[in-house]
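Per chain, numbering begins at 1; letters A, B, ... match sequence-line order. Atom set for the values below is all heavy atoms of this structure, side chains included, hydrogens, waters and symmetry mates excluded.
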Amino acid sequence: MPPIKRTKFKLAPEQLLEMFYWLKLIRAFDERLSILVKQGQVRSGVYTGIGQEAIIVGTCFGLRKEDFICPLHRDLGSFLMKGVEARVMMSQMFAKTTGLSKGRDSALHSGVTELGIFGNTSMLGANLPIAAGLGYTFKMEKVDNVVVAYFGEGASNTGDFHEALNFAGVQQLPIVFICENNQYAYSVPLEKSMAIDDVAIRAEGYGFDGVAINGNDVLAVYQASLGAIARARAGDGPTLIECKTYRWHGHSEHDKAFYRTDEELAMWKSRDPIPTFTTYLRARHVLDDDKQKAIEERITTTIDDAVEFALNAPDPAPEDAVTDLYA
Amino acid sequence: MPPIKRTKFKLAPEQLLEMFYWLKLIRAFDERLSILVKQGQVRSGVYTGIGQEAIIVGTCFGLRKEDFICPLHRDLGSFLMKGVEARVMMSQMFAKTTGLSKGRDSALHSGVTELGIFGNTSMLGANLPIAAGLGYTFKMEKVDNVVVAYFGEGASNTGDFHEALNFAGVQQLPIVFICENNQYAYSVPLEKSMAIDDVAIRAEGYGFDGVAINGNDVLAVYQASLGAIARARAGDGPTLIECKTYRWHGHSEHDKAFYRTDEELAMWKSRDPIPTFTTYLRARHVLDDDKQKAIEERITTTIDDAVEFALNAPDPAPEDAVTDLYA
Amino acid sequence: MSKELSYLEAIREALAEEMRRDPKVFVLGEDVGPYGGAFGVTQGLYDEFGEMRVVDTPISESAIIGVSIGAALRGYRPVAEMQFADFISCGFDQIVNQAATLRYRYGGRASVPIVVRAPSGGNVGGGLYHSQNPEAWFIHRPGLKVVAPSTAWDAKGLLKAAIRDDNPVVFLEHKYLYRRAKGPVPEGDEIVPIGVAATRREGADATLLTYGAMVTPSLEAADRLAKEGVEVEVIDLRTLMPFDKAAIFASLDKTNRVLVVHEDVKTLGLGAELSAVIMEEKFDALDAPVLRVTYPDTHAPFSHVLEAFNLPNTDKITAALRTLVAY
Amino acid sequence: MSKELSYLEAIREALAEEMRRDPKVFVLGEDVGPYGGAFGVTQGLYDEFGEMRVVDTPISESAIIGVSIGAALRGYRPVAEMQFADFISCGFDQIVNQAATLRYRYGGRASVPIVVRAPSGGNVGGGLYHSQNPEAWFIHRPGLKVVAPSTAWDAKGLLKAAIRDDNPVVFLEHKYLYRRAKGPVPEGDEIVPIGVAATRREGADATLLTYGAMVTPSLEAADRLAKEGVEVEVIDLRTLMPFDKAAIFASLDKTNRVLVVHEDVKTLGLGAELSAVIMEEKFDALDAPVLRVTYPDTHAPFSHVLEAFNLPNTDKITAALRTLVAY
Ligand SMILES: Cc1ncc(C[n+]2csc(CCOP(=O)(O)OP(=O)(O)O)c2C)c(N)n1
Ligand SMILES: Cc1ncc(C[n+]2csc(CCOP(=O)(O)OP(=O)(O)O)c2C)c(N)n1
Ligand SMILES: [Mg+2]
Ligand SMILES: [Mg+2]
């Protein structure tokens, strides 16, 4: 697999701290959601990305507002990073009018065009042809915006994945395809859903490069994305980045995940992206106790506020069940 | 791309002559069809495989009755080689009751399970999941039969192609996937439908081998198939063989094919699989004038007989338009 | 002899018994293996029948259905599970074009005995993509059968019938009923025949046609009317294609009034066909127009408030019955 | 000012004019580029508008529709061509789940102004996969509009309306009419509004509701009845979703008798919904049951003998009208 060009980058301390903030915020948001589900306060299917945060942070960091993301079910954090308020996302999970879909759906089936966020259906892989369409408009306009499109390794077995990546390859579209390879598709382990080790290799069948990287290292993800994004902005077409990772929770909060061993989980927890990055920041004196505390407090406040806001927000009016079908 | 093991083979003179017969018969059948279309006697969409015969002959030669083929629109010859009488195939094109579908469809949308022939819908790529299902039954039964499944390079861009090949890879099914890469999908040249040179490379994304070979050399096709079939029979899973070729006629008999140059066509006609093989046979003294004449006469008789049979065969009864919907 | 089972357990028992009875029966789908299915329907089957007959598939709905068709052609009786009925749209072509037409285009020489199990319906807070009722698409397509049991008894007996049926059957399992509908189930090998409705309550004043999760609220509404001296005959269609015209007409001849209740949306939901058929063939028997209580023409929202607005319920059915009998 | 054009030319002219008017309009599909489309509809567009706005795609129906949706989200107005309406089943999920629901799940904050052009219908010897009438699937799905012109005038005016409409529109072009229906077409920028039926012939004795290729035989049948002193009002629905209830009811109020004629199969074809709605809302206005003349519940056979048996025609319509008025 041809490696994409290593892109040198230098992040200022504030930027590194911002990355840290996002990692922690996304983790905290998902953890709170998990509790809210257990408490019966959130009734929707919740698919946390706990353990996978480095992927979202590394790929979304520094994206322009005009750039588009096409997230899947575990990528709530990407909505936050692209500018949706925590309050709004929490409202969405509570099915309140203050959410993105006015209560019509929970989870991530709604988007915000102005912020460059596409909200997919539940159908895995179905976001990828849309990503191709968005990318095609950037190409038509000759602007250097990009699309970042996410999918699990399981979703890479859908027909839509194939048709979309092939189209993107033929048209050399400015798209970065991010595979979150967390080893399982619901209960099905990688080896039962494909006969290859690296999803990245599939990129070759579409005429562009694929790389497999450590998805739990936010800087590695950032670096690979930088390279792929630069290539896309320069008009040199798509890249597939496969981020090896692991989800700590079950498929959804209702899944006890008996299909995997405690050892496996423990091994992956030892590769938690957050402590790894924390150590890095502390070793470089970017982060200290005070700064960490301040960030953690900010996060707690943000999430407490979001939950309170969502709890108190109005339910939709029943009649809204039949509006907004046609423009 | 890892080459599949070169398989040594030795064909007796009679076998070589049989190959010659098939090449010529299939060519003659398609050419007659083409004339019948021009005469207005056959009204269906006819998609000839003229120029591509070596692929069918090389892949079907020596298949067992129990082996299955899953042909696409240009592969009429494979029906003949698997044991459907020319009369029946001709009747099918004339929409007569003596055809495979009793007049319900022309072309190749009907099959014969007893002869190991699956008849696809028109939907390109839709035969490949079926091939996987057939292969899966051989695996369940632990028998060493194989499935040979055909598709154009254009069809390799459909979602079904991807889902089927992935499933075949995961399950290590006894399937040989044959890509007839004739450079065009209707009017669309390869480079507008994929950003790669060799469809064969796609096999890697499914965990098995792909090879690209000269599809106009019947012995090269035969040799590659032998290897792939042996692998499949041994339980070692699928292979993708991409046969580079060219169709001489338009996409269908109604297509004037303005999208390609006369030079290109002439170049490919110079690689006609039949004279190439004829020279080979003559140089080895397998074929002489008498034998060739006898074969050609046999072919003419077969086809004349088929046309006469089909012409005189009864049309379906009108009421048969609404029967055979349910078992 | 009978015992108490839930609707879900009854389905599981039907699968297990059919798999024991006939080695040609096997199940395939996402997470149906060791995990036992997203809803637990296939729990235990993997242990009993092994991985060849309880097949975890990649996320590839089209391949799941296509593989089933291929296996069916070789005499197998595959039972494919869609994780949610909603995802059947991703395998749509294989059902409507491949399976539904095969017998017809083969001139009656083959059949496709597959069952596609599809957990359907709402009232479980599933939102847009975990609540759909896709029956109408398949009722509309010639060559398919569609079944939708409302009780544990029927779930078992109809699934057995579906597996033994030589045609492709779309088997709609209502998610709301999985654990809520409990009841007697025959111990032995009892079949509930496809195409036969069940009268759940007799009455001479009006006929109520319904199925699936709507049977219970329909019966409740009938009870309310009974207190007002109006006796409503409640017919559970059980099979939606072919629906039991004889039973419908017999009841109508007695009551001269018909209400159709279904959870699917109104426009071109099954109620439309029932109404039209009654119109055509029983106009003079009608003392009032056939009325419909259905989901409005909208999507399934996640918010409980919104979903409750949409779902037909006892109140809405009662009101419609009053209108009908007062006509 | 008007001129004579064929139905096909009218569609082409609508495309060209809309593309000139609005740079956001572009077309995509298989062979739509230099080749000008399988039927020649897009001939000349590639030369005028270039390859970025007249996009030859790989054989990937799901991607074609998904790309359209993605572009529509950024304000474009893509017109996707299915080579035949039959292949729309391969992009089904993107239409019914992605496009149809987007506005709803976005809480009304976005819309999907795409047009999916689908050459539909039979009577051209196309057989099972080149003759389908897929309208009912889409009429059934909330969030979509469905249009089916019968004249050159309407083909042009409705396509313009569809392109300018902010909702996803399935645009059914009847293949039989492409070159056979010729007639006046407005020179300028005239729109035929979506949702408005056209009365093709006035009459007070019965109402005939139809669309597409069935308008001509319906008018012929009405002429026959006229000779017998019976005046049939023939309404061309033009838009199937939303259909023009006001026009239907107004005619019915006058005639008290309704016949529906369509080429789609009977069960859950549009006739079912029309009949059911009339039943519900206009029962007392009916002097006879609403009758239907449709394709029988079968597939489209290739043989002329068989196809003729299935297709509604002047004789069948005449007979049904006689039954209706004699009732
Ligand atoms: C087309 C389709 N089929 C099935 C499902 C049900 N489903 C939801 S998530 C999931 C597993 C997804 O695995 P993967 O793509 O690896 O993403 P992950 O959940 O591991 O992040 C399945 C099977 C779906 N949403 N869409
Ligand atoms: C799903 C689908 N889309 C479109 C078509 C229309 N169509 C028929 S053949 C063809 C071109 C096929 O190209 P390829 O697969 O390369 O095979 P070839 O005709 O070159 O042998 C097209 C677009 C179809 N049959 N099925
Ligand atoms: Mg995964
Ligand atoms: Mg080709």
Side-chain angles (χ1 to χ4, degrees), chain C residues 61-62 86-97 100-101 104-105 127-129 132 134 136-143 241-243 260 264-284 286 288-292 295-299 301-302 327, chain D residues 61-62 86-97 100-101 104-105 127-129 132 134 136-137 139-143 241-243 260 264-284 286 288-292 295-302 327:
Chain C
E61 279 73 15
S62 192
D86 314 56
F87 305 136
I88 208 166
S89 54
C90 299
F92 194 72
D93 177 62
Q94 287 286 342
I95 301 181
V96 301
N97 281 316
T101 64
Y104 188 73
R105 67 184 204 262
L128 279 91
Y129 309 111
Q132 294 180 23
W137 291 331
F138 304 110
I139 297 170
H140 177 61
R141 185 70 170 154
M241 184 70 206
F243 54 80
V260 187
D264 190 11
V265 300
K266 186 170 204 170
T267 297
L268 282 181
L270 178 55
E273 184 61 33
L274 296 173
S275 179
V277 163
I278 291 169
M279 170 83 95
E280 275 169 342
E281 302 186 34
K282 283 290 178 184
F283 188 63
D284 294 334
L286 287 175
V290 176
L291 300 182
R292 292 181 282 176
Y295 215 80
D297 286 341
T298 187
H299 302 297
F302 163 61
Y327 196 95
Chain D
E61 279 73 15
S62 192
D86 314 56
F87 305 137
I88 208 166
S89 54
C90 299
F92 194 72
D93 176 62
Q94 287 287 342
I95 300 181
V96 301
N97 281 316
T101 65
Y104 187 74
R105 68 186 204 263
L128 278 92
Y129 309 111
Q132 295 180 23
W137 292 330
I139 296 169
H140 178 61
R141 185 69 170 156
M241 185 69 205
F243 53 80
V260 186
D264 191 10
V265 301
K266 185 170 203 171
T267 297
L268 282 181
L270 178 57
E273 183 62 32
L274 296 173
S275 178
V277 163
I278 291 169
M279 170 84 97
E280 276 169 342
E281 301 185 33
K282 283 287 177 185
F283 189 64
D284 295 334
L286 288 175
V290 176
L291 299 182
R292 292 181 281 176
Y295 216 78
D297 286 340
T298 188
H299 302 296
F302 164 62
Y327 195 93

Query raised in the report: Of the backbone (N, CA, C, O) and the side chain (C-beta and beyond), which part of D:L274 lies under 4.5 Å from a heavy atom of chain C, both, or neither?
Result: neither
Report task. Mind ranking C:I139, C:I278, C:T298 by heavy-atom pairs under 4.5 Å with chain D and telling me who comes out on top? Result -> C:T298
Query raised in the report: Which answer fits C:K282, side chain, backbone, both or neither, if we ask what part of it has an atom under 4.5 Å from a heavy atom of chain D?
Result: neither
Report summary line: When every non-hydrogen atom of C:A272 is compared with those of D:A276, the smallest separation belongs to CA-CB, 3.8 Å
Query - C:I88 versus chain D, the contacting section by heavy-atom distance below 4.5 Å - result: neither
Query raised in the report: Step by step, would you call D:E61 with C:D93 a side chain to side chain contact (heavy atoms under 4.5 Å, CB included)?
Result: CA-CA 11 Å; D:E61 279 73 15; C:D93 177 62; over 6 Å; no
Query raised in the report: Out of curiosity, D:E273 CD to C:T267 OG1, how far, rounded to the nearest 0.5 Å?
Result: 4.5 Å
Query - Winner by heavy-atom pair count (cut-off under 4.5 Å) against chain C, out of D:V277, D:I95, D:D284 - result: D:D284
Query raised in the report: What's the spacing between D:Y129 OH and C:T101 OG1 if we round to 0.5 Å?
Result: 2.5 Å
Query raised in the report: Looking at C:P289, C:A136, C:G127, which makes the most heavy-atom pairs under 4.5 Å with chain D?
Result: C:P289
Query - Heavy-atom contact with chain C under 4.5 Å, split by part of D:R141 - result: side chain
Report task. Please state whether the side chain, the backbone, both or neither of C:V260 comes within less than 4.5 Å of a heavy atom of chain D. Result -> neither
Query raised in the report: Measuring from C:M241:CE to D:D297:CG, what's the distance to the nearest 0.5 Å?
Result: 6.0 Å
Query raised in the report: Hey, what's the ring geometry for C:F283 with D:F283, parallel, tilted or perpendicular (30° and 60° as the breaks)?
Result: perpendicular
**Report entry** Gap separating the CG atom of D:N97 from the CZ atom of C:F92, nearest 0.5 angstrom
**Finding:** 11.0 Å
Query raised in the report: What part of C:Y327 lies closer than 4.5 angstrom to a heavy atom of chain D: side chain, backbone, both or neither?
Result: side chain
Query raised in the report: Under the 3.5 angstrom rule, does the side chain of D:H299 hit a backbone N or O of C:R105 as a donor-acceptor pair?
Result: no
Report task. Go through the atoms of C:D264 and report whether side chain, backbone, both or neither lie under 4.5 Å from a heavy atom of chain D. Result -> side chain
Report task. Enter the distance from C:E281:CD to D:L291:CG here, rounded to the nearest 0.5 Å. Result -> 10.5 Å
Query raised in the report: Where on C:Q132 is there a heavy atom nearer than 4.5 Å to chain D: the side chain, the backbone, both, or neither?
Result: side chain
Query - Partner chain D: residue of C:C90, C:A288, C:S62, C:G91 with the largest heavy-atom pair count (under 4.5 Å) - result: C:A288
